[in-house]
Protein chains: 2
Amino acid sequence: MLEARLSQGSLLKKIVEAIKDLVQDANFDCNDNGISLQAMDSAHVALCSLLLRSDGFEPYRCDRNLSLGINLNSLSKMLKCSGNDDVITLKAEDEGDKLTMLCESTAQDRLSEYELKLMDIDSEHLGIPDQEFDCTVKMSSSEFARIVRDLASINESVTISATKEGVRFQAAGEMGKGSILLKPNGSVDSNAGQGTSIRLSEPVMVSLSLKYLNNFTKAAPLSETVTLNITNDVPVLIEFAVGEIGYIRYFLAPKINEEE
Amino acid sequence: MLEARLSQGSLLKKIVEAIKDLVQDANFDCNDNGISLQAMDSAHVALCSLLLRSDGFEPYRCDRNLSLGINLNSLSKMLKCSGNDDVITLKAEDEGDKLTMLCESTAQDRLSEYELKLMDIDSEHLGIPDQEFDCTVKMSSSEFARIVRDLASINESVTISATKEGVRFQAAGEMGKGSILLKPNGSVDSNAGQGTSIRLSEPVMVSLSLKYLNNFTKAAPLSETVTLNITNDVPVLIEFAVGEIGYIRYFLAPKINEEE
DNA sequence: CTTGTTCGAC
DNA sequence: GTCGAACAAG
């Protein structure tokens, strides 16, 4: 059986909000290492990968590998029934067909329990290569969200180009064009909340769908910063940390007709 | 060429929001004195006149008179891409077909540049007489907005009448009627932010469309105060100051069937 | 096109 | 904290 107690239940709420617009149904794979999820969006364009390490839960117990098929919309509705300060415990029997969610309000005068029916979901296993990228940009997640939203009013795609001088976001459409340049002012490895940092071995330039990027920025409430990992002509990896306990990663293939 | 740097970019955002619901496309006329715009609404009922004096910009440069045809909806979208604290610089070449907007975020680690395609717009030149009015009411712009919004739920038009005793806004409709009386407590010439002041040579009474007045009050964020300039049977002039650098004026013809 | 939700303003 | 407006989803 699975039993995983998360003291910061709001993390779970934010995670589901960050995924549910991209993926309808997905398997939460639970094992000794933690809980993970991989899924593609319905158009099979973007890929989303979630990891919550076991040591982020206290306690965490998972005797046997479980694959919990969950409708994310239902889970989202259920999580809306929990308070932001609640401690949430997830439980599932080995052969059960339901996920149990226990919410303890921190004031401890309230204990709620919800059950979600599980589904059978075909999980094409997605081999996600663990690759190196030519360029890694670390920046404020809210600023990234702002840029993506702004440029979406100009065109459907954005060209992101990075050199050691900075990272530039450009879009051009019917009514005109827009270009935002962020200059680096920190190290990728530092935890400085503000500012932009760039590490690169090669200058890169990719063109990406703003609709998908906008979807990805639903994860911005999870983390102050986001990292953009870019190599020309391969899918970009956009990662948001989930507190100290894991991450959400999005992969998106660049558009073929890049602006040059 | 034109180059005009406005340290308070938010003014430009508010100006465009104050005009765009009334006018789709308009020419921004740039010359040595500054930037101005005159346009009628699509129904040719109301007239809007904007002036931004050159000394409100630093620097301001305009070698040659330019008429920049702009779709205000597009301009609004572009301006939404700028931060409220940004410094905005407008640039246009003498023979160019685009307006360039440069946004410097005050933190200065972010520089964005937007280009807006210009249009050819027939500008019927609008002779706006520089007239004296029988009555000038100066009042809080937010209070004016509130009154206009409230009365709009009662009827389509409002009767404004002013004597030296005060200014009265009245509407009567199916469900009942409303009347708001503001008593003067200051001088029109003083800069007292609060309160209402009236200067008149003749008592006046006009009936005006609340739909249009509601449109005009989009300019309220620009200025604490508004002046209503009224003479019976001629278009009223409603003026909002744009910071220290200019104004937006709206002209609206009174309805013929005044309530008596 | 309508509704619900979220964000920002007062 | 309440309200309204803009935005996104069905």
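Each chain gets a letter, A, B and so on, in the order its sequence line appears, and its residues count up from 1. Being a predicted model, the structure only gives us computed values, none of them experimental.
Rounded to whole Å, the distance from NZ on K13(A) to C1' on dT5(C) is 15 Å.
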Can you tabulate the close N/O pairs, meaning under 3.5 Å, that link protein atoms to atoms of nucleotides 7-10 of chain D?
unit_1: dA9(D); atom_1: OP1; unit_2: K218(A); atom_2: NZ; d: 3.4

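For S74(B), the side-chain hydrogen bond (donor to acceptor under 3.5 Å, both in side chains) partners two or more places apart in sequence, or in a different chain, are N71(B).
Checked for salt-bridge contact, K117(A) and D97(A) miss the test: no charged N lies under 4.0 Å from a carboxylate O. Here K80(B) does not pair with D150(A) in a salt bridge; the nearest charged N to carboxylate O distance is not below 4.0 Å. The pair R110(B)-E143(A) meets the salt-bridge criterion, with a side-chain N (NZ, NE, NH1 or NH2) lying under 4.0 Å from an Asp/Glu carboxylate O.
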Pairs under 3.5 angstrom only: tabulate donor-acceptor contacts from the side chains of residues 237-247 of chain A to other protein residues two or more places apart or in another chain.
unit_1: E239(A); atom_1: OE1; unit_2: R249(A); atom_2: NE; d: 2.8
unit_1: E239(A); atom_1: OE1; unit_2: R249(A); atom_2: NH2; d: 3.4

